[in-house]
Amino acid sequence: MSDAPQTPLLQPDGEYRASMAAASTTGAGPRAAVYTFEEMEARYKRQGGTLAEKIFGHDPLDFWVGPFYVGLFGGTAILGIILGVLGYFYQVFFLESSFNPLATALEPPPISAGLAIVQWGQPGFAWQWTVAWSTIAFVSWMLRQVDISRKLHMSYEIPIAFGAVVSSWVTLQILRPIAMGGWGHGFPLGITHHLDWLANIGYQYFNFFYNPFHAIGVTLLFGSTLFLHMHGSAILSAARRPVTEKNVDIYWRNIVGYSIGEIGIHRLAYWAGAASVLFANVCIFISGPLVKDWNAFWSFWDRMPIWSGTGAGIVLIGAGLVFSKRTDKNQPPIDLDKESTGRGLEGNLGDATEVPLMKRIFGMGQVLPIYLGTWGLIATVAMFACFMIILTSMLHEVGNAPINFLRELWNLAVMPPAAKYGMSWNVPWYDGGDYLAATLFLSLSVIAWAARLWERAGKTGLAPHLAVGFWGALFLFFSIYVFRPMLRGFWADAPGHGFRAVLDWTNYVNIQVGNIYYDPFHMISIFFLLGSTLVLAIHGSTILAVAKWGGERELDEMLVEGSGTHRAQLFWRWTMGFNANSYNIHLWAWWFAMLCGITGGIGILLSGTLVDNWFLWAQDAQIVAPMSTVDWSQYVFEQ
């Protein structure tokens with residue numbers, strides 16, 4: 001922090017506070033605060049400014065209970081929560097008499113009931129009751145977040161992000177059933193019962209993994225977990241150390257050639273978290289109303305005219321015209337960091353380049369230089385060898401025909417050796433030897449990359465949080481590709497290298513072990529996966545909502561909290577009754593992402609080794625809902 005003289009600065013909301021005259025490490029301008037957290041809370045913990053007051057002229061519940069803000073929409077949310085929970089336990093205690101909430105099943109009404117509101121005591125009543133009140137609770141909670149944002153003069157990124165989550169519930173339980181003409185197509189409720197629905201919906205549409213929006217949504221979920229871990233690691237590795245944001249920027253440019261910056265990572269967090277939910281909405285909504293067979297859906301691919309000689313020629317000529325366009329723009333001069341001027345193997349590659357579009361989107365436009373180093377060279381060479389082995393083997397499958405290669409790319413795969421070879425390395429090349437070689441080089445590449453992360457952290461003055469966390473992801477990788485096949489005694493249990501091969505392996509393992517969704521470690525891993533996306537979205541949206549007060553300068557805010565950080569803390573204190581601070585929210589981020597990989601690896605290691613059938617295991621554990629009496633023939637689509 002700077003020792004420069006401080007002068008008053010008028011904030012966007014009109015309040016005065018002391019500010020540092022020197023610019024922050026990001027160049028975003030001056031920051032600091034004289035208000036304490038308690039003074040900030042006393043200043044804004046006042047009645048007025050709610051939506052209810054604006055619409056109706058009065059908000060009868062505009063008060064706090066301890067740190068928890070109520071408000072009109074808080075009251076309706078609490079009412080929805082209580083009545084929704086009562087509907088759930090009505091099913092547990094009165095309809096099933098099981099007294100086992102884990103095994104409770106709230107089925108939607110039969111499809112024959114259409115979109116009618118069923119009566120008390122009829123099949124599906126508890127489901128409709130719970131869905132209705134839950135929807136009221138979710139929407140009310142979002143509107144309550146709007147009220148709290150208004151009280152703190154914050155923008156609305158947080159309720160918008162939560163609104164994306166609410167839209168997923170509405171799509172699943174209201175919009176899709178309406179589009180399909182019956183509430184029976186809704187999502188059944190139950191702590192474990194919904195696991196069967198997840199598996200069955202995939203088989204109903206002939207391998208749901210082939211749904212492209214499902215692939216995009218899952219990619220965004222894992223991407224969000226990756227972004228969360230990268231950001232949490234970056235902040236924790238620099239926290240409480242004699243470093244600045246400059247060290248973090250140089251670290252990321254050394255690793256990937258670009259540093260997204262303080263405001264940029266929170267924009268990406270906000271967008272990625274919301275997009276993962278919105279793509280999931282499209283994924284489930286079009287399954288049934290528009291697409292009934294995801295396997296047949298891709299038949300259009302082979303019928304595309306580009307696979308003919310003439311069509312391919314036209315595409316290649318068009319691509320040549322596009323990419324041959326010259327873009328000779330003068331790049332503005334960049335002041336290179338002193339630490340980034342080295343050249344050679346143990347130095348940097350490329351010259352710093354300003355990309356205006358990236359600066360406009362993320363706030364940081366400098367790309368390159370990137371550090372290679374010994375570990376980077378090993379990782380790059382090994383990954384290139386892996387890529388070339390896979391490429392040449394796939395070309396061999398189509399007789400080295402380029403057009404057939406492009407057409408069949410999604411189906412081509414380099415598969416592991418058959419079970420008869422066991423764990424042997426003495427396998428013919430095209431019978432799995434190519435797979436073993438590619439996997440060996442891939443493993444070498446990711447290990448070298450982990451070493452590169454560790455080495456670069458030390459050289460830039462940061463702690464090795466990112467490298468340590470990367471081993472959580474590597475544990476999952478090696479559990480799938482190495483450890484589980486070793487425990488089962490043959491390479492054949494590993495997934496192939498190829499787009500469709502990975503999807504088919506995922507589906508195959510689920511069938512092989514009797515619904516892996518009942519694996520408790522898989523449940524925990526999914527909890528951390530979805531939780532990571534949630535933490536990423538709420539953290540990103542929170543920082544964006546207070547960015548005009550410098551809340552994105554997190555390393556500085558850990559030393560002297562400004563009014564932006566105070567607002568962020570007050571928002572969650574009033575929303576949840578408690579709040580994190582600018583340091584421990586990144587601990588949450590780091591551990592959520594780390595545990596996603598670790599628990600997922602444990603879950604896959606147990607599957608087919610210690611536990612052969614997770615459904616039978618769940619039955620023994622008495623967490624499986626009673627077998628449904630629903631006539632499943634009603635879900636079969638007539639051709």
Colleague: Looking at every heavy atom in both I390 and A438, which two are closest together, and how far apart are they?
Modeller: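 Looking at all heavy atoms of both residues, the closest pair is CG1-CB, 4.0 Å.
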Colleague: Any chance you could measure I284, atom CD1, to H185, atom NE2, to the nearest 0.5 Å?
Modeller: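 The distance works out to 11.5 Å.
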Colleague: Look at the rings of F187 and W197 and say which category their plane angle falls in: under 30° parallel, 30 to 60° tilted, over 60° perpendicular.
Modeller: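 Geometry flag for W197 against F187: perpendicular rings.
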Colleague: Measure the acute angle between the ring planes of W617 and W614, then classify it against the limits of 30° and 60° as parallel, tilted or perpendicular.
Modeller: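 Taking W614 first and then W617, their aromatic rings stand perpendicular (interplane angle over 60°).
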Colleague: Tell me yes or no: between the side chains of W590 and H465, is some donor less than 3.5 Å from an acceptor?
Modeller: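 Distance-only check fails for W590 and H465.
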Colleague: Do W449 and I255 touch side chain to side chain, with heavy atoms closer than 4.5 Å?
Modeller: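 In short, these two side chains touch, coming nearer than 4.5 Å.
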Colleague: Could you check whether W410 and F499 have their ring centres less than 6.0 Å apart?
Modeller: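 That pair passes the under 6.0 Å test.
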Colleague: How far apart are the C-alpha atoms of M415 and H497, what are their side-chain angles, what is the distance that settles it, and do they pass the side-chain contact (heavy atoms from CB on, under 4.5 Å) test?
Modeller: CA-CA 6 Å; M415 299 302 292; H497 297 306; over 6 Å; no
Colleague: Taking atom types as modelled, is there a side-chain donor on D293 or Y210 under 3.5 Å from an acceptor on the other?
Modeller: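 There is no such pair between these side chains.
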Colleague: When you look at W141 and F138, which way does the ring-ring contact (aromatic ring centres under 6.0 Å, His included) test go after all the steps?
Modeller: CA-CA 5 Å; W141 196 266; F138 290 146; 9.5 Å; no
Colleague: Could you tell me the separation between the CD1 atom of I174 and the CH2 atom of W169, rounded to the nearest 0.5 Å?
Modeller: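 Output value for this atom pair is 8.5 Å.
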Colleague: Within the side chain of T171, is there an N or O that forms a donor-acceptor pair under 3.5 Å with the backbone of N281?
Modeller: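 A pair under 3.5 Å: no.
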Colleague: For the pair F297 and W294, name the ring-plane relationship: parallel under 30°, tilted 30 to 60°, perpendicular over 60°.
Modeller: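 Taking W294 first and then F297, their aromatic rings stand perpendicular (interplane angle over 60°).
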Colleague: Compute the centroid of each ring, for F300 and then for W298, and state whether the two points are separated by less than 6.0 Å.
Modeller: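 Centroid separation for F300 and W298: below 6.0 Å.
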Colleague: Looking only at atom types and distance, does a side-chain atom of S276 sit under 3.5 Å from a main-chain N or O of G273, one as donor and one as acceptor?
Modeller: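 Answer holds: yes.
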Colleague: Which label fits W183 and W127: parallel for a plane angle under 30°, tilted from 30 to 60°, or perpendicular past 60°?
Modeller: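 Because their plane-to-plane angle lies in the 30° to 60° range, the rings of W183 and W127 count as tilted.
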Colleague: Begin with the C-alpha distance, continue with both residues' side-chain angles, and end with the deciding distance and a verdict on ring-ring contact (aromatic ring centres under 6.0 Å, His included) for W425 and W491.
Modeller: CA-CA 10 Å; W425 285 83; W491 294 113; 5.6 Å; yes
Colleague: Within the supplied structure, the quantity of interest is the number of heavy atoms (other residues, nucleotides, ligands) at a distance under 6.0 Å from F162 CZ; does it exceed 12?
Modeller: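 Yes, the 6.0 Å shell around CZ holds more than 12 heavy atoms from other groups.
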Colleague: Under 3.5 Å, side chain of S167 to main-chain N/O of A164, donor-acceptor pair present?
Modeller: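 The answer is yes, because a donor-acceptor pair under 3.5 Å joins these two groups.
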Colleague: R452 side chain to G373 main-chain N or O, any donor-acceptor pair under 3.5 Å?
Modeller: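 Between the backbone of G373 and the side chain of R452 there is no qualifying donor-acceptor contact (under 3.5 Å).
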Colleague: In terms of the angle between their ring planes, are H396 and Y430 parallel, tilted or perpendicular, with boundaries placed at 30° and 60°?
Modeller: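 It falls in the parallel class, under 30°.
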Colleague: Could you tell me whether a side-chain N or O of N515 sits under 3.5 Å from a main-chain N or O of F615, the two making a donor and an acceptor?
Modeller: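 It does not hold such a pair.
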Colleague: Do any N or O atoms from the side chain of T439 and from the backbone of L436 form a donor-acceptor pair under 3.5 angstrom?
Modeller: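 Between the backbone of L436 and the side chain of T439 there is no qualifying donor-acceptor contact (under 3.5 Å).
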